[in-house]
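Quick notes on the structure that follows.
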Amino acid sequence: MRYQRPKGTNDILPEEAPRWRAVERTFRDICRRYDYGEIRTPIFEETELFVRSVGEDTDIVSKEMYTFEDKGGRSLTLRAEGTAPTVRAFLENNIQGQDRERLIKLYYIAPIFRQDKPQAGRYRQHHQAGVEALGRPEPSVDAEVIDLALTFYRELGIEGTRLLINSVGCPECAPGYVDTLKASVADSVCEMCRDCQRRYETNPLRLLDCKNDVCRQITQAAPMMLDELCGECAEHFSGLREHLEALGIAYEIDPRIVRGLDYYTKTAFEFRHDALGAQDSIGGGGRYDGLVEQCGGPAIPGVGLGIGIERVLMVREALGLRDEEEPREGSFIVTIGDEAWMPGYKLLHDLRQQGIKAEIDYRRRSIRAQMRYADSQNYLNAVLLGGDEIARGVATVRDMVSGEQEEVPLDELAEELRSRRPE
RNA sequence: GUGGGCGUAGCUCAACGGCAGAGCACCUGACUGUGGCUCAGGUGGUUGUGGGUUCGAUUCCCAUCGCCCACCCCA
């Protein structure tokens, strides 16, 4: 094999494309109902945008970005996550306008690029369906975003999604907590794993996220952010819980979720599904009240969500959820003998012009071969055209399900075939 | 990035130093103007790639690429 696709990427073939379309259609429809407008941003951005927003010390920025220089010497990076480009576009196009208090709701479906080592459920190019709600600090918005995601999973038939929530505080309380946390584990740092020793200095919050047993035990005893929230954050968190409860949404509080992007404040949440194994996160997000300002805009709060489409498809597969089979559709023109070829080819064109799905056997094989093919390819009708039919200006239309067939004048054919469409 | 497993026909898999096979799929015919069922026949492979060992390598060794699994990280 001369060329292969880059490691960790996938071709989506005609056979599986319908499953993607079904998922995308569902997401778009839900976004329509929740009144989010679509935004499409470039596939690459200035590298600085990701570095500044996601955070220099995050794994994403420090080792997973596809960064390159263009001919003008600018450093560009393939979209490494969905929020920063959306915020950039929000600011650059002044989407909010004069009313700085207004809530702006945006959604996207876009490829994301990260140079991880691939494994099941983890790819170098994956796709996220996401939303960003910019402009309001109320926890009702956080709850809406979570509700939207759960609606999405439910409408795709996915049962058993777990919702985990946490609060990571704000610039008021988080730094104080970080000090408290560092102080509480200070004596044991040298027993922790190498990564955690580094995190202790660079990003202590993520000490809580470590899965190493020793580290877990050490942090077990440490105070949790949730217990150290400032008044405003505590109130926001209980507001979130109230709104979730009002919607009947079940959640677990997991004080250890610390998302791998530095811009999160207050709410952090994640959706998991056990059908997946190691890579069991099927979506996640949180609030980012400082991000817009950090990107050079006014102090505008926001909350967002990203859902991994590949993971959603994998869960559906694991749960045995199948889209309903494609119904038989369209007509296959069966040409009988050489004299029927050209009239058949013309008929094929005419039917297509009239909106009918139609196909023909370019190889001009035997009737038997053409019929077999028409059947195997799920055509609804076979349109037989031979010397007899041509002489009388008709075609024989055979229903491939019932086997019934009748002669139809050529000038009524499109109408007849149209009426045979399913539904 | 680190460790482990696996790459054989379109697909799912055998063969494990000695002529590379099966099932499904596909093609042709039985049925010379009619698909599905049945039957008969047939096409299809540089055994991922490149080296090495050997009289001989799909098989053993090395490298490389890819996939899978775990760590890590995340969607």
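These values consider heavy atoms only, across backbone and side chains, with no hydrogens, waters or symmetry-generated copies. Quick caveat, the model's predicted, so the values are computed rather than measured. Lettering follows sequence order; numbering is per chain, from 1.
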Pairs under 3.5 Å (N/O, protein and nucleotides 10-12 of chain B):
none

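- The side chain of A/Q4 places no N or O atom within less than 4.0 Å of a non-bridging phosphate oxygen (OP1 or OP2) of B/G48.
- Here the CG atom belonging to A/N381 is positioned 10.5 Å from the CD atom belonging to A/E329, to the nearest 0.5 angstrom.
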| query | Reading RNA chain B 5' to 3', what string of ( ), [ ], | and . shows its pairs, if Watson-Crick and G-U wobble pairs count only when both distances fall under 3.5 Å? | reply | (((((((..((((....[..)))).(((((.......))))).....(((((..]....))))))))))))....

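- For the side-chain contact (heavy atoms from CB on, under 4.5 Å) test, no residue two or more places apart in sequence or in another chain qualifies with A/A174.
- Note on residues 132-156 of chain A: pairs passing ring-ring contact (aromatic ring centres under 6.0 Å, His included), not counting sequence neighbours, are A/F27-A/F152, A/Y153-A/F271.
- Nucleotides B/G4 and B/C74, compared at atom P, are 25 Å apart to the nearest Å.
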| field | Annotated protein contacts, base or backbone, on nucleotides 27-36 of chain B with a non-hydrogen cut-off under 4.0 Å, one of B, S, - each | value | SSSBB-BBBB

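- The stretch residues 117-130 of chain A participates, sequence neighbours left out, in these salt bridge (charged side-chain N to carboxylate O under 4.0 Å, His left out) pairs: A/D116-A/R122.
- Ion pairing of A/D375 with A/R328 is present here, as a side-chain N (NZ or NE/NH1/NH2) and a carboxylate O approach within less than 4.0 Å.
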N/O donor to acceptor pairs below 3.5 angstrom from side-chain atoms of residues 337-345 of chain A, sequence neighbours left out:
none

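- Side-chain N/O atoms of A/Y263 and A/T83 include a donor and acceptor closer than 3.5 Å.
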Distance-only donor-acceptor pairs under 3.5 Å for side chains of residues 6-25 of chain A, two or more places apart:
| from | atom 1 | to | atom 2 | distance (Å) |
| --- | --- | --- | --- | --- |
| A/T9 | OG1 | A/P6 | O | 2.6 |
| A/D11 | OD2 | A/R5 | NH1 | 3.4 |
| A/E16 | OE2 | A/L13 | N | 3.0 |

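- In the region residues 12-45 of chain A, proximity to RNA chain B at under 4.0 angstrom, judged on heavy atoms, holds for none of the residues.
- The nucleotide whose nearest atom lies closest to any side-chain atom of A/S281 is, among B/C67, B/A75, B/C69, B/A75.
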Within the sub-3.5 Å range, which N or O atoms of nucleotides 2-6 of chain B have a protein N or O partner, and how far apart are they?
| from | atom 1 | to | atom 2 | distance (Å) |
| --- | --- | --- | --- | --- |
| B/U2 | O4 | A/K117 | NZ | 3.1 |
| B/G3 | O6 | A/K117 | NZ | 3.4 |

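- For the pair A/E359 and A/R352, the salt-bridge criterion is met [side-chain N within less than 4.0 Å of a carboxylate O].
- For A/R122 against B/C72, a side-chain N or O and a base N or O form a donor-acceptor pair under 3.5 Å.
- Rounding to whole angstrom units, CD of residue A/Q119 and P of B/C67 are separated by 12 Å.
- For the pair A/Y153 OH and B/A75 P, the computed distance is 11 Å after rounding to whole Å.
- For A/E155 and A/R33, the salt-bridge test passes: some basic side-chain N is under 4.0 Å from an acidic carboxylate O.
- The side-chain contact (heavy atoms from CB on, under 4.5 Å) test applied to A/R372 returns A/R368, not counting sequence neighbours.
- Remark: A/A84 pairs with A/L49, A/F50, A/S53, A/E81 by the side-chain contact (heavy atoms from CB on, under 4.5 Å) rule, at least two apart or across chains.
- A donor-acceptor pair shorter than 3.5 Å can be found between the side chains of A/E132 and A/Y288.
- In this structure, a donor-acceptor pair under 3.5 Å is present between the side chains of A/E144 and A/Y36.
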